[in-house]
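Let me begin by presenting the structure, written as structure tokens, before commenting on it.
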Amino acid sequence: MTTADHAAPGRPPRAELPPAYLPGDVESRRYAEWVKAGYFTAEAGRDAPAFTIMIPPPNVTGSLHIGHALDHTLIDALVRRRRMQGYNALWLPGTDHAGIATQNVVERELAREGLSRHDLGREAFVDRVWQWKAEYGGKILGQMRRLGDSVDWTRERFTMDEGLSRAVQTIFKRLFDDGLIYRADRIINWCPRCMTALSDIEVDHSDDEGELVSIRYGDGDASVVVATTRVETMLGDTAVAVHPDDPRYTRLAGTTVELPLTGRRIPVVADPHVDPEFGTGAVKVTPAHDPDDFEIGRRHDLPSLTVMDERGVVTAPGPFQGLDRFEARPAVLAALREEGRVVAEIRPYVHAVGHCDRCGTTVEPRLSLQWFVKVEPLAKAAGDAVRDGRVRIYPAQLAARYFDWVDDMHDWCISRQLWWGHRIPVWYGPGGQVRCTGPDEDPPGEGWTQDPDVLDTWFSSALWPFSTLGWPDDTPDLRTFYPTSVLVTGYDILFFWVARMMLFGLYAMSAAGPEESVPFRQVALHGLVRDAFGKKMSKSRGNTVDPLDWIDRFGADATRFTLARGASPGGDVALSEEWVAGARNFCNKLWNATRFALLNEADSAAGLDADDRAALSVPDRWILSRLAAVTAEADALFEEFEFAKLSDALYHFAWDEFCDWYLELAKATLNGQDAAAARRTRRVLGHVLDELLRLIHPVMPFVTEELWTALTGGESVMVAPWPQVRPQDADPAAEAEVESLMRLVTGVRRFRADQGLRPSQRVPAVFDGLAGSPLATHEPSIRALLRLTEPAGEFAPNASVQAEGITVRLDTSSGIDVAAERRRLTKELATARADADTSARKLASPSFVAKAPAAVVAKSRDRLAAAEAEIARLEERLAALAGS
RNA sequence: GGGCGAUUGGCUCAGCGGGAGAGCGCCUCGUUCACACCGAGGAGGUCACUGGUUCGAUCCCAGUAUCGCCCACCA
């Protein structure tokens with residue numbers, strides 16, 4: 001900022017502002033200043049209430065996309081407001097190691113060198129990933145600066161940091177010792193491409209087209225027909241199951257049938273799980289490759305026969321060995337056909353098929369030995385914390401989805417057959433011993449080997465609210481900033497992340513007591529970003545928006561405002577370039593309003609002197625009243641995470657009320673003869689703009705900083721106090737008077753437009769009935785707004801218009817367009833008659849008068865009276881028009 | 001298969017028991033000394049359909065249709 005040495009004594013120095021806002025100039029400079037000043041840095045133990053938000057840690061592989069931009073805009077707005085309110089505000093940044101995603105990225109890089117991770121070996125591969133992370137990881141952190149994120153860079157964390165790894169080991173051991181982590185053979189979701197187990201929620205189901213094939217097992221009377229969509233799994237069948245009460249199969253239950261192609265005989269078992277209504281009422285049982293069948297197998301003590309390996313390749317000895325599962329399917333089918341085993345027709349069949357959410361590969365249910373978290377007790381506590389209000393979900397509606405999940409959660413498979421991640425701290429020793437080591441224990445010595453698997457990446461994310469603050473140690477940060485205040489994230493990771501933070505936060509921090517162990521007190525969920533037509537953004541659709549591109553072209557503030565303006569709780573956000581252009585225009589509007597204020601020596605430093613208050617003009621009282629209202633509204637909307645309404649309220653106050661009306665009304669005083677009045681208005685103007693810029697700052701930090709410092713000469717709007725609502729400014733009389741003035745001005749403008757008078761054309765006019773009216777004092781403003789001059793010399797009014805009980809008689813020189821006037825009056829008459837009709841009809845109904853609230857009836861009476869008066873007036877005018 | 005939600009001007013959405021709102025788009029006028037990234041005026045909707053409750057329904061209830069989302073181990 002340049003210091004203007006010509007500033008008047010006692011006034012803050014002022015910068016010259018260019019005629020339009022150029023964001024590129026301002027943003028990087030301001031961000032650097034903020035960081036340098038230490039505004040983003042929170043202080044443990046400071047004597048102020050803490051306000052904490054943890055960033056939803058983006059993948060280290062990630063770069064800033066529009067979804068992050070939305071999330072960060074909302075978080076930053078919350079944090080900036082709290083900081084201005086004097087809270088010890090912390091927004092902690094960091095990244096997630098993102099197990100599969102990152103491993104995939106580095107593996108792809110290796111593949112370009114013709115290598116696989118196995119060529120390097122585990123240790124070298126993990127080194128390579130760290131190397132990659134050092135070089136390319138955290139790109140997104142740099143991009144966050146462009147958005148203006150006020151994160152505390154001194155507290156940046158990574159989920160594989162030493163400290164966070166200690167947290168992972170600590171909680172693993174604690175859960176292990178409490179019997180809440182166990183290892184078992186289970187059917188899990190297996191991705192044959194990523195070659196790892198997945199948890200249930202890492203599987204996306206889609207309705208895929210397949211075939212339902214009916215196959216006859218056994219021969220003649222001792223045969224049974226089963227149906228399957230995965231023909232190749234029949235190689236691993238170890239039974240056929242029927243319902244115990246199904247009369248068709250009572251004689252078969254307990255016998256055996258021959259399994260085609262294998263020469264094996266398998267039992268027919270009776271199991272109540274089988275639905276007799278579905279298909280033939282008989283089902284093939286493949287315990288090693290189907291979760292249902294696994295359960296049936298357990299109940300009947302059936303063997304589990306694994307017939308495919310980790311890649312989905314058939315391992316069962318025979319002609320199909322070595323075929324991929326999707327090659328084996330038609331091959332097995334052909335062989336069955338040849339034996340005449342396929343019965344009836346093969347039906348096209350649409351059914352839900354699971355896909356790996358990382359790579360899209362069809363998931364293969366697979367029997368394997370994995371680690372699980374026993375979630376039932378944890379989930380119970382997680383559900384209760386929301387049920388009893390210790391944690392509140394916004395919008396409340398989404399709490400139902402949360403309950404559905406935590407109240408019926410399956411055990412969580414946490415082991416992954418990857419190399420990149422937190423290694424499971426369990427060792428296997430001589431004689432089948434198993435030992436779980438804590439973070440401060442040495443690994444067991446000779447003869448022990450560590451479990452090769454790593455943990456699900458969400459395991460460490462689940463600890464984020466406290467692992468980032470130093471847990472398990474009792475650190476000043478942990479004491480100051482936990483529980484965190486708000487979790488802001490998209491509803492799409494409610495289960496992945498939010499629910500699991502609840503599970504682990506309540507467990508790990510239980511010693512703090514029920515109120516203080518929650519990971520966050522509020523959860524503010526937003527939606528997904530969509531295009532202008534409400535369609536999902538996707539690269540294939542070509543409708544994606546790159547926030548960095550928008551920041552370059554429209555500015556960070558415009559990008560942020562566009563996102564905030566679309567964000568209602570839980571709602572998706574539709575975006576298009578027209579909208580961000582509109583937001584850019586809004587920045588420019590504020591810019592020019594401030595330029596106007598500076599040109600007119602608006603005075604924000606003097607404050608509103610109590611002695612002056614009584615002398616304030618009506619427009620001054622009006623804008624102060626409106627400011628008080630909009631400040632209260634902004635506070636309420638912030639508390640409810642209603643960012644769309646908040647942005648809208650500020651936009652309309654700033655543009656419609658402040659710029660379009662107040663500044664125009666203020667011009668008369670500022671340019672008027674009364675120096676004292678002008679001084680008062682300069683103070684009100686400075687004060688209102690000062691507070692308006694503060695109110696907008698959380699959403700649009702850069703432009704408001706530039707303008708506020710120029711206006712006030714203050715250090716930074718970031719550390720300026722958040723505006724207080726002053727109830728004493730509420731002034732219904734002033735509001736009513738200005739509203740009346742607006743109606744008068746608008747009415748006359750409509751007349752002028754209808755008459756084809758150019759907006760800039762000055763027209764001599766006199767007012768009848770203004771003298772006695774409350775609007776009398778506003779005559780100079782009204783004349784200025786309407787371009788009406790005092791008659792000078794000859795004045796021959798040839799037209800008149802009425803509004804607010806005032807008649808304006810004008811000398812249009814060119815005369816009046818009678819047809820246009822008649823059209824306007826006729827239209828207004830029709831409206832008035834319709835209004836009178838409606839009111840009259842209502843009032844004619846005895847039940848309405850008897851049962852409706854008195855205020856409603858009175859309102860209808862008033863409307864009827866007003867409409868009738870209007871009709872009389874318009875008829876009279878039309879008659880006069882006809883006579884002329 | 002289960003659950004949830006939506007259906008309001010051309011588009012995206014607010015409103016949710018007392019006479020329909022916004023932004024953008026559209027039409028007309030305008031070089032007014034903060035801003036053409038602007039100003040002024042205007043057009044445009046039987047609030048999906050059918051019943052019900054009510055003095056009164058866009059708003060509450062039921063059903064229908066269409067669309068969307070989440071969950072799901074019927075081969």
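Quick note: numbers below take in every heavy atom, side chains included, and nothing from hydrogens, waters or symmetry partners. We name chains A, B, ... by the order of the sequence lines, and we start the count at 1 in each one.
- When atom types are taken as modelled, the side chain of A:N189 and the backbone of A:V363 share no donor-acceptor pair closer than 3.5 angstrom.
- Heavy-atom nearest nucleotides on RNA chain B were determined for A:A784 and for A:A20, and the one closer to the 5' end corresponds to A:A784.
- B:U46 makes up no base pair with any nucleotide shown, lacking Watson-Crick or G-U wobble contacts both under 3.5 Å.
- In this structure, A:Y349 reaches the B:A75 phosphate: one of its side-chain N or O atoms is under 4.0 Å from OP1 or OP2.
- Between A:I346 atom CD1 and B:A75 atom C1' there is a gap of 16 Å when expressed in whole angstrom units.
- Taking CG of A:L788 as the start and CZ of A:R752 as the end, the distance is 6.0 Å to the nearest 0.5 Å.
- The distance between atom CZ of A:R565 and atom P of B:C24, rounded to the nearest whole Å, is 7 Å.
- On the P atoms, B:C29 is 47 Å away from B:U66, given to the nearest whole Å.
- Between the CD atom of A:E642 and the P atom of B:A14 there is a distance of 10 Å, rounded to whole Å.
- With P as the reference atom, B:G68 and B:G51 are 28 Å apart, rounded to whole Å.
- Along RNA chain B, the nucleotide nearest A:N592 and the nucleotide nearest A:D660 are compared for position; the residue whose nucleotide lies closer to the 5' end is A:N592.
- Nearest to the side-chain atoms of A:K536 among the listed nucleotides B:A34, B:C69, B:G18 stands B:C69.
- OP1 or OP2 of B:A43 sits under 4.0 Å from a side-chain N or O of A:K827.
- Judged purely by distance below 3.5 Å, without hydrogens or angles, the side chains of A:W708 and A:D690 pair a donor atom with an acceptor atom.
- Straight-line distance between the C1' atoms of B:C60 and B:C16: roughly 10 Å, to the nearest whole Å.
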Verdict with reasoning, A:D290 to A:R230, per salt bridge (Lys or Arg N to Asp or Glu O under 4.0 Å): CA-CA 10 Å; A:D290 185 278; A:R230 290 154 69 212; 3.6 Å; yes
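- The pairing partner recorded for B:A6 is B:U66, the criterion being a Watson-Crick or G-U wobble arrangement whose two distances lie under 3.5 angstrom.
- For A:R750, whose side chain is taken as the heavy atoms from C-beta onward, the closest listed nucleotide among B:G42, B:G18, B:G30 is B:G42.
- Atom CG of A:D656 and atom P of B:C38 are 13 Å apart (whole Å).
- Closest to the side chain of A:T229, out of B:G41, B:A34, B:A75, is B:A75.
- In terms of polar N and O atoms assigned as donor or acceptor, the side chain of A:E664 comes within less than 3.5 Å of the base of B:A34 in a complementary pairing.
- For A:Y651, the listed nucleotide lying nearest its side chain is B:G23; candidates were B:G42, B:G23, B:A75.
- As judged by a 4.0 angstrom heavy-atom cut-off over every strand, A:A574 is placed among residues touching the sugar-phosphate backbone only.
- Between the C1' atoms of B:C26 and B:C11, the separation comes to 12 Å (whole Å).
- B:G5 and B:G45 have their P atoms separated by 31 Å, with the value rounded to a whole Å.
- The gap from the P atom of B:G42 to that of B:G56 amounts to 35 Å, rounded to the nearest Å.
- A salt bridge (charged side-chain N to carboxylate O under 4.0 Å, His left out) with A:D572 is found for one member of A:R530, A:K535, A:K536 and no other, namely A:R530.
- Within 4.0 Å of A:C659, counting heavy atoms only, lies at least one base atom of the nucleic acid.
- Rounded to whole Å, atom C1' of B:C35 lies 12 Å from atom CG of A:L707.
- No hydrogens or angles were tested; on distance alone, nothing pairs the side chain of A:R401 with the base of B:C4 as donor and acceptor under 3.5 Å.
- The interatomic distance linking A:L494 (CG) with B:C71 (P) rounds to 10 Å, in whole Å.
- Across the protein-nucleic acid pair, A:D275 atom CG and B:A75 atom C1' stand 10 Å apart, rounded to whole Å.
- Nearest nucleotide to the A:N585 side chain, out of B:C35, B:C38, B:U32: B:C38.
- By the 6.0 Å and 45° rule, A:R500 stacks over the aromatic ring of A:W412.
- Under a cut-off of 6.0 angstrom, the local environment of CZ in A:R743 is crowded, with over 12 non-hydrogen atoms contributed by other residues, nucleotides or ligands.
- Picking from B:C37, B:A22, B:A14 the nucleotide with the shortest atom distance to the side chain of A:N588 gives B:C37.
- Phosphate proximity of B:A34 to A:K667: present, with a side-chain N or O under 4.0 Å from OP1 or OP2.
- Considering only the side chain of A:E578, B:C24 comes nearest among B:A34, B:C24, B:A75.
- In the set B:C74, B:G42, B:U12, the nucleotide with an atom closest to the side chain of A:F278 is B:C74.
- Not one side-chain nitrogen or oxygen of A:W655 sits closer than 4.0 Å to the OP1 or OP2 atom of B:A22.
- The partner of B:C59 is absent, by the rule that a Watson-Crick or G-U pair needs both atom distances under 3.5 Å.
- Across every strand in view, B:G23 sits in a pair with B:C11 that passes the Watson-Crick or G-U test at under 3.5 angstrom.
- Within the nucleic acid shown, A:E295 has no heavy atom closer than 4.0 Å to any nucleic acid atom.
- Listed for the A:R749 side chain is no donor-acceptor partner under 3.5 Å among the backbone atoms of A:P759.
- For the P atoms, the distance linking B:C59 with B:A6 amounts to 13 Å, nearest Å.
- Close to B:G15, at under 4.0 Å from its OP1 or OP2, lies a side-chain N or O of A:K645.
- The side chain of A:K589 places an N or O atom within less than 4.0 Å of a non-bridging phosphate oxygen (OP1 or OP2) of B:G39.
- A:L70 CG to A:T489 OG1: the interatomic distance, rounded to the nearest 0.5 Å, is 9.5 Å.
- Base pairing of B:C71: its partner is B:G1, meeting the Watson-Crick or G-U wobble criterion (both donor-acceptor distances under 3.5 Å).
- When distances run from any side-chain atom of A:F533 to the nucleotides B:A40, B:U12, B:A72, the shortest one goes to B:U12.
- B:A72 and B:G3 have their P atoms separated by 15 Å, given to the nearest Å.
- Here the nucleotide nearest the side chain of A:K842, chosen from B:G18, B:A14, B:A22, is B:G18.
- Between the CZ atom of A:F495 and the P atom of B:C70 there is a distance of 10 Å, rounded to whole Å.
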